[in-house]
Amino acid sequence: MFEGKEYIYEVYKEKSFSKAAKNLYISQPSLSASVRRIEQKLGSPIFDRSSSPIQLTECGAAYLKAAQQIMEIERSFEDYLNNLQNLQTGSLSIGGSSLFASYVLPPLIAKFTRRYPLITIDLAEENTASLERHLLDGSLDLIIDNFQFDAELFDKHFYRPEHLLAAVPTAFSINQKLSAFALDPTSILSGTYLDDSTPCVPFQLFRDEPFLFLKPENDTMQRGMKICKKYGFQPHILLHLDQQITAYNIACSGMGICFVSDTLICATSPHPNVIYYKLDFEESVRKIYFYHKKNRYLSFAMKEFLEMSCL
């Protein structure tokens with residue numbers, strides 16, 4: 001009954017037979033035939049093909065839940081066998097947003113791979129909501145994020161703190177009034193701007209300037225709104241974007257102010273087309289964690305990667 005469950009899962013994930021078939025490297029007719037065979041054994045359809053995109057039926061949702069539990073047991077036993085072989089074989093799947101996948105994870109993965117060259121690493125670049133979903137369904141072992149995930153569902157391992165700054169296009173005239181608060185870019189790279197002697201910008205002076213925000217579900221967007229509210233104004237938002245790095249690049253083009261982390265600035269080097277300002281509100285400070293699903297078996301590869309990466 002559960003032979004071929006990976007086909008059902010892939011169709012569910014992609015909401016499309018054609019995309020699922022491509023991911024599985026089989027033809028669409030072959031995939032459709034395999035799904036129909038499973039449905040015949042169940043005596044009930046798994047997918048409602050009349051909807052667009054296709055959706056699970058009630059029976060299909062129950063089947064998928066059971067299939068995911070079986071797949072997780074299989075993965076856990078595979079991890080156990082890999083541990084017995086002292087990491088001579090195995091795999092590790094890690095996910096992060098564009099910022100973390102592009103700049104934070106690569107050196108960590110490289111360090112791990114030098115020590116354990118036979119371990120296969122899969123790196124996924126997704127938004128926060130997708131990362132959470134993949135961690136829950138078991139398709140990712142670990143994710144790295146600055147979002148606070150549900151502690152009842154996930155365990156976390158502290159990586160490091162980060163701080164949000166205001167990145168203001170150099171061409172904005174407001175900068176002329178705030179020269180005393182402009183940060184020396186080298187102080188961001190060294191971290192010395194965090195000293196109490198470095199003044200914080202009077203953020204209310206940006207009330208009439210255009211802003212670039214991330215989408216509502218993003219932690220940076222939520223923190224940015226709280227900062228603006230604290231200083232008594234509703235920001236004029238030109239664009240809502242998916243990724244912090246996109247907002248930052250647009251700010252560097254001169255379009256608007258954005259909130260940017262010192263993680264990103266240090267990874268890419270300060271940009272000459274923006275001026276950076278220190279923020280004094282508690283919402284500008286957050287922690288980066290590695291997360292994994294609660295109560296899942298931690299393979300030796302997962303444990304070793306966390307031990308090598310976390311403080």
Side-chain angles (χ1 to χ4, degrees), residues 1-83 85 89-98 101 119-143 145 149-150 152-154 215 217 242 291-299 301-302:
M1 184 179 297
F2 288 99
E3 184 178 354
K5 58 187 177 296
E6 64 276 9
Y7 296 159
I8 302 297
Y9 175 75
E10 198 66 29
V11 175
Y12 157 75
K13 186 179 72 172
E14 295 294 345
K15 301 293 189 293
S16 164
F17 275 86
S18 60
K19 291 181 181 178
K22 183 177 180 181
N23 293 346
L24 293 165
Y25 300 100
I26 61 175
S27 68
Q28 184 174 336
S30 177
L31 175 60
S32 298
S34 296
V35 172
R36 282 196 300 271
R37 282 195 295 272
I38 297 173
E39 290 176 324
Q40 288 169 0
K41 289 182 180 180
L42 294 176
S44 178
I46 292 175
F47 295 105
D48 178 2
R49 295 164 173 80
S50 66
S51 62
S52 181
I54 58 174
Q55 301 292 328
L56 290 169
T57 62
E58 183 177 351
C59 176
Y63 178 92
L64 184 69
K65 182 178 180 180
Q68 288 177 316
Q69 291 172 344
I70 293 171
M71 291 163 68
E72 186 161 342
I73 291 170
E74 290 174 340
R75 280 191 293 267
S76 293
F77 187 68
E78 183 179 350
D79 288 338
Y80 169 77
L81 292 178
N82 290 334
N83 287 348
Q85 298 172 31
T89 61
S91 63
L92 182 63
S93 57
I94 309 173
S97 67
S98 180
I119 300 296
T120 301
I121 303 288
D122 292 320
L123 176 59
E125 181 181 330
E126 303 275 0
N127 59 37
T128 295
S130 296
L131 291 171
E132 180 181 19
R133 185 172 65 253
H134 292 320
L135 202 58
L136 273 175
D137 68 27
S139 56
L140 286 176
D141 297 319
L142 299 169
I143 63 172
D145 210 287
F149 290 102
D150 189 342
E152 293 186 1
L153 299 176
F154 305 101
K215 291 185 177 178
E217 65 273 12
D242 284 311
Y291 290 92
H292 60 79
K293 188 177 179 180
K294 206 173 193 67
N295 298 323
R296 88 159 274 176
Y297 175 81
L298 289 187
S299 68
M302 292 171 65

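Minimum interatomic distance between A124 and A101 (heavy atoms only, all atoms of both residues): O-CB, 4.4 Å. Taking every heavy atom of both residues into account, S93 and L140 meet most closely at OG-CA, 3.3 Å.
Within the 4.5 Å cutoff, the side chain of Y63 has no heavy atoms near those of the S44 side chain.
Interatomic distance, L24 CG to E14 CD, rounded to the nearest 0.5 Å: 9.0 Å. Within the model, atoms OG of S91 and CD1 of I121 stand 8.0 Å from one another, a figure rounded to the nearest 0.5 Å. Note that the CD atom of E126 and the OG atom of S97 stand 11.0 Å from one another [nearest 0.5 Å]. Interatomic distance, OG1 of T57 versus CG of L64, reported as 10.5 Å (0.5 Å rounding). L142 CG to M302 CE: the interatomic distance, rounded to the nearest 0.5 Å, is 4.5 Å. One distance of note links CG of N295 with CG of L153; it measures 10.0 Å at 0.5 Å rounding.
For F17, the ring-ring contact (aromatic ring centres under 6.0 Å, His included) partners at least two apart in sequence or on another chain are F47. For E10, the salt bridge (charged side-chain N to carboxylate O under 4.0 Å, His left out) partners are K13, not counting sequence neighbours. Partners of D141 under the salt bridge (charged side-chain N to carboxylate O under 4.0 Å, His left out) rule, at least two apart in sequence or in another chain, are R296. Residues passing the salt bridge (charged side-chain N to carboxylate O under 4.0 Å, His left out) test with K15, sequence neighbours excluded: none. Checked against ring-ring contact (aromatic ring centres under 6.0 Å, His included), F154 has the following partners two or more places apart in sequence or in another chain: F149. For Y12, there are no ring-ring contact (aromatic ring centres under 6.0 Å, His included) partners two or more places apart in sequence or in a different chain. Partners of H134 according to the ring-ring contact (aromatic ring centres under 6.0 Å, His included) rule, which considers only residues two or more places apart in sequence or in another chain, do not exist here. Here K22 pairs with nothing under the side chain to side chain contact (heavy atoms under 4.5 Å, CB included) rule; sequence neighbours left out.
Applying the salt bridge (Lys or Arg N to Asp or Glu O under 4.0 Å) rule to pairs touching residues 39-50 yields E39-R49, sequence neighbours excluded. Judged as a salt bridge (Lys or Arg N to Asp or Glu O under 4.0 Å), not a single pair has a partner in residues 128-137 (not counting sequence neighbours). Residue pairs satisfying the salt bridge (Lys or Arg N to Asp or Glu O under 4.0 Å) criterion with at least one member in residues 60-74, sequence neighbours excluded, are listed as follows: K5-E74, E72-K293.
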Determine all donor-acceptor pairs shorter than 3.5 Å in which one atom belongs to a side chain in residues 28-36; sequence neighbours excluded.
unit_1, atom_1, unit_2, atom_2, d
S32, OG, Q28, O, 3.1
S34, OG, S30, O, 3.1
S34, OG, R37, NH2, 3.1

Apply side-chain contact (heavy atoms from CB on, under 4.5 Å) to I46 and L56, showing your working.
CA-CA 6 Å; I46 292 175; L56 290 169; 4.0 Å; yes

